[in-house]
*Asks:* 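Please see the structure below; I have some questions.
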Amino acid sequence: MEQFAPLRRKKDGQPVRYLVVDDSVFARKNLGKMIETFGGQVAGEAADGCAAITEYERALPDLVLMDITMPLMEGIEAAEKILQKHSDARIVMVSSVGYQENIVAALQRGARHFVQKPVKADVLYEVVKYVMGDDAVVAAIADGAHA
Amino acid sequence: MKMELIQPFINAADAVLAQSLRCRTAVGDVSMTEHTYRRHGVAAQIAFTGDIEGRIIFDLAPATAAYLATSLSGTEIAAGDEMAGEAVLELANQVIGNAVTTLNNQGFNFRVLPPLVYSAEQGLPSTQDTEALLMSFDTCGGTVYMNIAMRYNCQSSEKTASAVGA
């Protein structure tokens, strides 16, 4: 997997911490690997919306990657509940179901962005950089890494 | 079953397989059936409800599932490994999601249910309302089988039409 210039938190230079929410263990592992190539750290994982809310409270991540179609509670509802309590939560919806109705619903509830599956690492990297904004900095580029 | 409904699934499967396996794919055998479905290997089923309701099964030989999982994850995964089955579930999820996105943009409303491992040796037989399309994709990792059974949900379509004043 290609390496990217590491993204660090501006406040302390530490890796950006992610919560990965997807009912597919395979998708979670894959996103976790992409996060590693971004120089980030998986702070928590959840397989449904209910668990995502609990994990958010525990891990207080810098960014959440949230699937939409999940058992128990879907991602848009979970995002809304997290944002009701943590209005500054950065949530990026990651789903194969990318029709406008879903995207608008997610953005209206406070999600910051939407990435359609299959996820391309370079696309996700740019979205993470955009969503983190001034709260993240690009660390020194290692040999062979993308800027 | 109308081609306008099937084509988005074929296009989505072709695109997702090509991206996941990083190789060209080709549509193999295509046939309609009303017979029961016999599983080839590692299979995932996704159901959807709404203006069109039905289900799709993706079915891969164990070695093909392992090839897919290895290609998607960048880590060697052996045939029979649990992660190979998870990769098939995720493949099904991505294909259906992309197809449903296209159909939604054409005005059909859907709800996609989470994917399930399809472990039965035989599925339910198709009916006149839900005749199944059987098709295969030839890939660099082996053959991927797709079985689509769906039908218009007249009740839901009428509701949608009435809601938009059609």
Side-chain angles (χ1 to χ4, degrees), chain A residues 1-4 20-38 45-52 65-78 93-106 114-124, chain B residues 8-9 12-13 15-22 42 44 46-51 56 65-66 68-75 77 81-117 160:
Chain A
M1 211 174 256
E2 57 188 334
Q3 281 293 129
F4 294 82
V20 181
V21 186
D22 199 306
D23 57 330
S24 160
V25 62
F26 192 84
R28 294 200 304 274
K29 297 292 174 212
N30 246 8
L31 286 170
K33 279 184 186 161
M34 280 187 203
I35 286 166
E36 281 176 21
T37 68
F38 303 165
E45 291 185 17
D48 60 71
C50 293
L65 300 179
M66 178 87 80
D67 187 17
I68 292 181
T69 305
M70 293 186 289
L72 298 179
M73 184 191 290
E74 295 209 339
I76 293 176
E77 187 181 352
M93 309 308 292
V94 180
S95 175
S96 56
V97 184
Y99 48 77
Q100 202 172 352
E101 194 179 298
N102 254 1
I103 297 171
V104 169
F114 185 95
V115 176
Q116 186 159 14
K117 289 181 180 177
V119 178
K120 291 181 178 167
D122 54 344
V123 171
L124 183 61
Chain B
F9 291 93
V16 171
L17 282 168
Q19 187 179 327
S20 302
L21 297 170
R22 298 182 190 89
V42 185
I46 292 190
F48 44 91
T49 60
D51 294 341
I56 293 195
L68 171 76
T70 299
S71 179
L72 278 173
S73 68
T75 308
I77 291 174
D81 189 309
E82 191 185 336
M83 289 305 282
E86 292 290 340
V88 177
L89 286 174
E90 184 58 14
L91 169 78
N93 188 38
Q94 292 184 9
V95 171
I96 274 66
N98 279 266
V100 161
T101 299
T102 302
L103 285 167
N104 185 270
N105 291 338
Q106 292 172 8
F108 295 105
N109 292 309
F110 285 97
R111 180 177 159 77
V112 180
L113 304 178
L116 299 169
V117 174
T160 305

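By convention in this document, chain letters (A, B, ...) are assigned in the order of the sequence lines, proteins followed by strands, and residues within each chain are numbered from 1.
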*Asks:* Pick one of side chain, backbone, both or neither for B:Leu91, based on which atoms fall under 4.5 Å of a heavy atom in chain A.
*Replies:*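 Contact with chain A involves no heavy atom of B:Leu91 at all.
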*Asks:* Between B:Ala69, B:Pro115, B:Gly85, which shows the greatest number of heavy-atom pairs under 4.5 Å with chain A?
*Replies:* B:Ala69
*Asks:* More than 12 heavy atoms of other residues, nucleotides or ligands under 6.0 Å from CD of A:Gln100: is that the case?
*Replies:*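 No, the 6.0 Å shell around CD holds no more than 12 heavy atoms from other groups.
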*Asks:* Parallel, tilted or perpendicular, judged at 30° and 60°: which one describes the rings of B:Phe9 and B:Phe48?
*Replies:*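 The rings of B:Phe9 and B:Phe48 lie parallel, inter-plane angle below 30°.
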*Asks:* Go through the structure and list residues passing side-chain contact (heavy atoms from CB on, under 4.5 Å) with B:Pro8, not counting sequence neighbours.
*Replies:*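 Applying side-chain contact (heavy atoms from CB on, under 4.5 Å) to B:Pro8 gives B:Ala99, B:Thr102, B:Leu103.
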*Asks:* B:Ala12 versus chain A, heavy atoms under 4.5 Å apart: side chain, backbone, both or neither?
*Replies:* neither
*Asks:* Judged by atom type as modelled, is there a donor-acceptor pair below 3.5 Å linking the side chain of A:Lys33 to the main-chain atoms of B:Ser73?
*Replies:* yes
*Asks:* Quick one: does B:Arg22's side chain have a donor or acceptor within less than 3.5 Å of a partner on B:Ser71's backbone?
*Replies:*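 A pair under 3.5 Å: yes.
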*Asks:* Which one, A:Glu101, A:Gln116, A:Met70, leads in non-hydrogen pairs under 4.5 Å with chain B?
*Replies:*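 If we count pairs closer than 4.5 Å to chain B, A:Gln116 comes out on top.
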*Asks:* Do the side chain of A:Glu74 and the main chain of A:Thr69 share a donor and acceptor less than 3.5 angstrom apart?
*Replies:* no
*Asks:* Does any heavy atom of chain B fall under 4.5 Å from the side chain of A:Lys117, the backbone, both, or neither of them?
*Replies:* both
*Asks:* With a 4.5 angstrom heavy-atom cut-off, is it the side chain or the backbone of B:Ile77 that approaches chain A, or both, or neither?
*Replies:*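 For B:Ile77, the side chain is the part near chain A, not the backbone.
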*Asks:* Please look at B:Gln19 and chain A and tell me whether the side chain, the backbone, both or neither of the residue comes under 4.5 angstrom of a heavy atom of that chain.
*Replies:* side chain
